[in-house]
Novice: 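After the structure tokens below, expect a handful of questions from me.
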Amino acid sequence: MTTVAALPPRARRSVASRTWAFVKRHALTVYALLVVGYLMLPIAVVIMFSFNHPTGRFNYVWNEFTFSNWFHWNDVLGIQDAIVRSLEVGLLATIVATALGTLMALAIVRHHFVGRGATNVLVFLPMSTPEIVLGASLLTLFLNTTAVFQLGFITIFIAHVMFIVSFVVVTVKARLIGFDRHLEEAAMDLGANEVTTFRKVTLPLIAPAMLAAALLGFALSIDDFVITYFNAGGTQTFPIFVWGIARVAVPPQVNVIASAIFIVAIAIALTNVFWEYRSAKRTRGAT
Amino acid sequence: MGTFFHRHRGATPYLLLAPGVLWLAIFFVIPLAFLGYESLQSGLFPNFEFTWQFSNFSDGIRDYHTQLLRSFVYAGIATLACLVLAYPLVYWIAFRAGAWRNLFLLFIVAPFFVTYLVRTLAWLNILADEGPVVGILRDLHILGPDGRLLATTFAVVSGITYNFFPFMALPIYVSLEQMDARLLEAAKDLYASPIQAFIRVTLPLSAPGIVAGTLLTFIPAAGDFINAALLGTPNQAMIGNVIQSKFLESLDYPSAAALSFILMGLILVALLVYARIVGSERLTG
Amino acid sequence: MNPRLTRNELLRRGAAGGALLAFPSLLAACGGGGGDSSSSGEVNDVLNFSNWPYYIDTPDSLKAAGLTGVPTTLKQFETKTKIKVNYYEDINSNSEYFGTIQGRLRNGDGIGRDIIVSTDNDRYLGQYLNNDWALKLDKDLIPNISNLIPAQASPPFDPNREYTLPWFSGMDGIAWNEEVTEPITTVTQLLTDPKLKGRVGVWNSMGDTLGLIMLENGDDPAKVTDETFDRAIAVVQKAQDAGQIRRFYGNDYAQPLAKGDLAASMAWSGDIFLLNDPKVKWGIAKSGGIIFTDNMLIPLGGSVPTASTYMNFVYDPKIAAQLALGAGYISSVAGVKDEAAKLNPDAADNTLVFPTDEMLGQLHQNDPTMFSNPDYEKKWLAVQGK
């Protein structure tokens, strides 16, 4: 009688090998948690020290818990102007950059034209140039054209749009590449022209990607130090303010603002994730 | 207006591109040209003259090759560290995290949301000489009794690693996530061990992500100066520190401009070498 | 309603809201910055004053000096002259501040300030003056200039005091954390004692650091030659190579010093006063110290009459005394110690703020020509790894 070749029977597992199997199974998880702990540690420190009431000027030793830093967050001279400026520049630059970048992404993905490769390179270059070079070269431009560009809010705005645009293009492009053109064709078959189709079909469908790109752009803008540092003139954004005050002593209010930005950002990110989830459900249902 | 676009279909891409390209042309390309012009100037602030001063470049390399080399070494080590640290984490998120994956992705991105300077300053607190971390390391005799973590190469490279971690992690995650899990199953069916499956299936398929992550981490890291300024001594000064001080302290714009171009040039060379190895479409997409 | 469009709506509304938020800044930016000063012959009703942080009396600092309830000097100025003061603490470094304003000054434009402050032992004060970026004071409006102490009457960079007037002076010395080390009283000990290795701070400003070292070398910091310069640089290089120096600091040595990351550091008297930490001690080095002075000047586009009015106000000994007590730095106004004694007899004994003649005798000034020498600048940056 022939028997089919079978795999050797499983050896009885000893305690040691079972323990080893357990460790192997969960080692990766433990590792993941450790890395996450490492990532979160400085954030925890920042938030924790925003509640500290320091004995002197320096906020490095835990003294006592207080909410007063949060209530009197704008007690430090210049901090309110700085964060307001950061938000203003961020909003404005993000809106403009998202618009410019989306248009570029549409052109690159959907059309074959002379210069497409060059455009790709042009978009890619700012992302691959060190910030210090971007900032310094822009400063050179502004210093040589002081009749037109005065260092200040406008130059910060220009700089931010410049480096955010590339990120927007890349983000929206990724979404456009997987885009189903049949929906647009259907709309046009039903009598809509290009513009109406764009408005009512394309735009809503790429809106999530635009939103993601906008959020990324805003985050980049709020956080930018190097490029802004070179081009701000006397205007202070929040990172510039922190750099200046860090020369002397960082007041807990800086931790407060940083923590607040963090909390708001997390909230927005969670909302975005939630919306994406809902929209994905709907798209699946709508076909 | 719809008919306008319809009739000028051929012009559409150019119209769409125009605003963005114009912006980049004026505020990216032209400034670089100005920088180039300035790199060939000479003289003392504020009276600079254009004199085809190519010696700015040779002087730059001669005087600062240490910092240039150091920048690339630090950036390289940090990039490698990011890769080694991030890959297992991202692998776990892509394949084992299940419902928790978005939460953990948020954990990766979260440091990004605390201002760069503030989170670097937090490390000053954490790694302080009289702080708990150094204390424990001294007790464990990993550090000598006078040992310190701050103001060392270790601190600077760690700072760079921490700050650029999301740039490495996210691209790798994207390529791992797009991988079809059935390929792994197929490998298993073909008697591959988990390690073999990883090396021959997962790793190659995640290569685009690794490439992207490496670039997104290495390039900004090479030009960074903040970590070196806050966490290091002058012996850790990177080329970014030199450029910054030449621009803003010595007001030696020609040398600073020349050094900026040298830095960019070296990065481009590294990019080209890398592109040959991995194939250029992966870079510009 | 189509749910996808509602998100689109949100985008649009958000954009409109954001644009509205940013609009005022755009307008202000087009206008060239808030509160533009004009250089007319009239005294304005606004004064824009840029200064270093912690460099003026505040309600908290006055309270610490025992002067509770006394209005700050800025408030007193506003009450007396009806001129509103926009006080900006945006100078954190002579070089960085210079970097942010030199573009406009080069173009002949104003920077939206009537008074700025720059240090005498750095290259930038000279730059402002030599490039004609400072406006002449109106001495008719500053009768109190007669209160300027003789030692400050004729500095090499402005021999007739036509463009500048001292704000505060400070002393360069050595500070140490007594919980971490024994007292450090000489520069040599600071830079060579192996017990302090890696925990020593020096300044990133050439005049201060090299000045102290030159004194230790027996050279005169007020008359720098190539030899004395190279000798001083060699000392720094040796300390650097030995790993003695932790960092070249600006004002930010105070925190590491108090924390213990630094055992000892070259330190400015005012920083130690403000630190008010009993374990951090300060003294003038045995071979002598440097005295630096931060000077007020009127940049292009500033209002000379308004600025001069303010300068006159702070040269009143009573006001100067309050400023000194509140900020912790040394005033250049005659009679300030007596006035301070009237306000708070104990505080007037603080030699950090009111140095004795003996201390003043140990203090020297830097040679201003040292700062415009590009060779020296290069060597100084090289020793810092830059």
Side-chain angles (χ1 to χ4, degrees), chain A residues 28-29 31-32 35-36 39-43 45-46 60 100-101 103-104 106-107 111 113 119-122 124-126 128-133 136-138 140-141 144 158 161-162 165 170 173 193-196 219 223 225 230 238-239 242-243 246 250 254-255 258 261-262 265-266 269 273, chain B residues 1-3 5-6 12-14 16-17 19-21 23-24 27-28 30-32 34-35 38 85 88-89 92 96 102 104 106-108 110-119 121-123 125-126 128 165 215 219-220 222-223 225-226 240 243-244 247 256-257 260 263-264 267 271 284-285:
Chain A
L28 202 54
T29 313
Y31 176 83
V35 174
V36 167
L39 290 175
M40 294 293 112
L41 181 61
I43 302 181
V45 168
V46 169
Y60 62 84
L100 293 180
L103 291 175
M104 285 180 83
L106 283 167
H111 300 264
F113 54 92
T119 312
N120 264 328
V121 173
L122 179 64
F124 175 71
L125 277 179
S128 64
T129 312
E131 283 208 307
I132 194 168
V133 179
S137 60
L138 210 45
T140 317
L141 171 73
N144 278 302
I158 291 175
V161 172
M162 183 268 288
V165 159
V170 168
K173 236 174 62 165
N193 61 26
E194 263 92 339
V195 178
T196 318
D223 199 31
F225 171 67
F230 276 91
F238 183 63
V242 175
W243 173 260
V250 182
V254 165
N255 294 52
I261 298 177
F262 175 75
I266 294 286
V273 164
Chain B
M1 192 158 72
T3 41
F5 275 115
H6 195 84
T12 313
Y14 296 105
L16 289 174
L17 280 181
V21 169
W23 197 283
L24 284 176
F27 299 115
F28 174 68
I30 294 187
L32 284 178
F34 265 107
L35 198 67
E38 203 156 63
L85 281 175
L89 170 67
W92 180 84
R96 303 271 199 89
N102 280 328
F104 276 82
L106 203 53
F107 279 140
I108 293 185
F112 204 45
F113 293 142
V114 177
T115 313
Y116 187 89
L117 285 167
V118 176
R119 63 183 189 255
L121 288 171
W123 281 108
N125 249 339
I126 300 173
F165 186 90
L215 288 177
I219 293 172
F225 66 89
I226 295 175
I243 296 178
Q244 182 242 4
F247 262 115
S260 303
L263 173 63
M264 270 219 303
I267 290 182
L271 260 181
T284 57

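Labels below follow one simple rule: chain letters A, B, ... track the order of the sequence lines, proteins then strands, and each chain is numbered from 1.
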Novice: With sequence neighbours excluded, tell me which residues meet side chain to side chain donor-acceptor pair (under 3.5 Å) with B:Trp23.
Specialist: none

Novice: Quick check on B:Phe107 against chain A: is it the side chain, the backbone, both or neither that has a heavy atom closer than 4.5 Å?
Specialist: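 Both backbone and side chain.
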
Novice: At a heavy-atom distance under 4.5 Å, which candidate from A:Val35, A:Val45, A:Ile43 has the highest pair count against chain B?
Specialist: A:Ile43

Novice: By a 4.5 Å heavy-atom criterion (distance strictly below it), what part of B:Leu121 contacts chain A: side chain, backbone, both, or neither?
Specialist: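 Answer is side chain: those atoms of B:Leu121 sit under 4.5 Å from chain A.
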
Novice: As an exercise, state the distance from CG of A:Asn255 to OG1 of B:Thr115, rounded to the nearest 0.5 Å.
Specialist: 10.0 Å

Novice: Could you give the distance from CG (A:Asp223) to CG (B:Leu117), rounded to the nearest 0.5 Å?
Specialist: 8.0 Å

Novice: Checking B:Ile267 against chain A: side chain, backbone, both or neither under 4.5 Å from a heavy atom?
Specialist: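 Only the side chain of B:Ile267 comes within 4.5 Å of chain A.
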
Novice: Could you work out, with side chain to side chain donor-acceptor pair (under 3.5 Å) as the rule, every residue matching A:Glu131, not counting sequence neighbours?
Specialist: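 Testing A:Glu131 for side chain to side chain donor-acceptor pair (under 3.5 Å), a comparison that skips the adjacent residues, returns none.
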
Novice: Under 4.5 Å from any heavy atom of chain A, what part of B:Arg119 do you find: side chain, backbone, both or neither?
Specialist: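 Both backbone and side chain.
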
Novice: Using every non-hydrogen atom in the two residues, find where B:Pro13 and A:Ala107 come nearest and quote the distance to one decimal.
Specialist: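 Scanning both residues completely, I find the closest heavy atoms to be O-CB, 3.6 Å.
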
Novice: Examine whether an atom of B:Phe247 lies under 4.5 Å from a heavy atom of chain A, and if so say whether it belongs to the side chain, the backbone or both; otherwise answer neither.
Specialist: side chain

Novice: By a 4.5 Å heavy-atom criterion (distance strictly below it), what part of B:Leu17 contacts chain A: side chain, backbone, both, or neither?
Specialist: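 Both parts, backbone and side chain.
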
Novice: Which atoms form the tightest heavy-atom contact between A:Leu106 and B:Leu16, and what is the distance?
Specialist: CB-CD1, 4.1 Å

Novice: Measure B:Ala222 against the heavy atoms of chain A and call it side chain, backbone, both or neither at under 4.5 Å.
Specialist: neither

Novice: Minimum heavy-atom separation for B:Leu24 and A:Met162, please, with both atom names.
Specialist: CD2-O, 3.7 Å

Novice: Does any backbone or side-chain atom of A:Phe113 lie under 4.5 Å from a heavy atom of chain B? Answer side chain, backbone, both or neither.
Specialist: both

Novice: Give, as side chain, backbone, both or neither, the part of A:Thr196 having an atom under 4.5 angstrom from any heavy atom of chain B.
Specialist: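 Contact with chain B involves no heavy atom of A:Thr196 at all.
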
Novice: Closest heavy-atom contact between B:Pro31 and A:Ser137?
Specialist: CB-O, 3.3 Å

Novice: Given a strict heavy-atom distance threshold of 4.5 Å, which part of A:Thr29 is in contact with chain B: side chain, backbone, both, or neither?
Specialist: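 Interface part for A:Thr29: both.
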
Novice: So what's closer than 4.5 Å to chain A heavy atoms on B:Trp123: side chain, backbone, both or neither?
Specialist: side chain

Novice: Which pair of heavy atoms, one from B:Ala110 and one from A:Ile266, lies closest together, and at what distance?
Specialist: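 Looking at all heavy atoms of both residues, the closest pair is CB-CD1, 4.1 Å.
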
Novice: So for A:Val170, is it side chain, backbone, both, or neither that comes closer than 4.5 Å to the heavy atoms of chain B?
Specialist: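 Nothing of A:Val170, per the 4.5 Å heavy-atom cut-off to chain B.
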
